[in-house]
Amino acid sequence: MKINPGEVKKGTILQIEGKLFRITDISHTHMARGWATYTFKAKDVITGKTNTFTYQSTVTLEQAEVQTINSVFLYKAGTSYSFMENDSGEMHDLEEEMIEDIALYLKDGLDVFLMKHEGNVINIILPQTITYTIESTVPGIKGDRSSAGKKPATLETGLEVQIPLHKEAGQTVVVNTITGEAS
């Protein structure tokens, strides 16, 4: 499917020079009376290598044809993560290096979407927010501040985030999987 650089978002899978790349970061510049320029940081879906591509807004890009399938994360065994498609019951085991940027967000029984291209799983789409239990944190300290205070915490999956001062170990916190912020 053909798309313009301005339509590309984080997570979009592009087909560039016969390879599949997942967009991880986007920057946009626009010079006066000139064309806009888009720079994409992209991860090769197969090799995991990161590349940078720059395009003018007049270029047409090729978005890869992918299926999005409702699935559930089952468990982690060593460096392998197991997922099951909800409709067919088909199982997929993915190695940690393929999903390293989202691995700490995964917890048993989490509903996710698998992205498949030509029958192969190429990416995992997380829910926008996930609720976790706080495993450990430091005590909150009161004091003068111009904004709401935060403190470090480790969640049940090992994910480390900044949480509000009033939260304690054993309580739950909601994490935005896009920004990594907890509330």
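As the structure is a prediction and not an experimental result, all values here were calculated from the model.
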Report yes if the side chains of [X] and [Y] come closer than 4.5 Å at any heavy-atom pair, otherwise no.
X	Y	answer
D108	F73	yes
T157	Y105	no
E100	K43	yes
L106	K76	no
S183	T129	no
I178	L126	no
E62	K2	yes

[X] side chain to [Y] main-chain N or O, any donor-acceptor pair under 3.5 Å?
X	Y	answer
S71	I69	yes
H117	E65	yes
T137	P152	yes
T133	G170	no

Requested in this report: Report whether I130 and I99 are members of the same hydrophobic cluster (ILVMFWY, side-chain heavy atoms less than 4.5 Å apart, transitive linking).
Outcome: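 Linked, I130 and I99 end up in one cluster.
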Query raised in the report: Are V45 and I102 linked, directly or through other ILVMFWY residues, by side chains that come within less than 4.5 angstrom of each other?
Result: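 Unlinked, V45 and I102 end up in two clusters.
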Query raised in the report: ring pair (Phe, Tyr, Trp, His ring centres under 6.0 Å) with H28: which of Y55, W35, Y38?
Result: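 Result: among Y55, W35, Y38, Y38 is the only option passing the ring pair (Phe, Tyr, Trp, His ring centres under 6.0 Å) with H28.
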**Report entry** Ring center gap for F40 and F21 short of 6.0 angstrom
**Finding:**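 No, ring centres 6.0 Å or more apart.
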Query raised in the report: Going by an N to O cut-off under 4.0 Å, is there a salt bridge joining K151 and E168?
Result: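 Between E168 and K151 there is a salt bridge, with a charged N closer than 4.0 Å to a carboxylate O.
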Query raised in the report: Which heavy atom of V59 sits nearest a heavy atom of P5, and at what distance?
Result: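 It is O-CD, 3.0 Å.
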Query - Residue from D44, T12, D101 passing side-chain hydrogen bond (donor to acceptor under 3.5 Å, both in side chains) with R22 - result: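 Per the side-chain hydrogen bond (donor to acceptor under 3.5 Å, both in side chains) rule, the option paired with R22 is D101, out of D44, T12, D101.
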**Report entry** Residues, nucleotides or ligands: over 12 heavy atoms within 6.0 Å of K107 NZ
**Finding:**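 Atom NZ in K107 is crowded, with more than 12 foreign heavy atoms closer than 6.0 Å.
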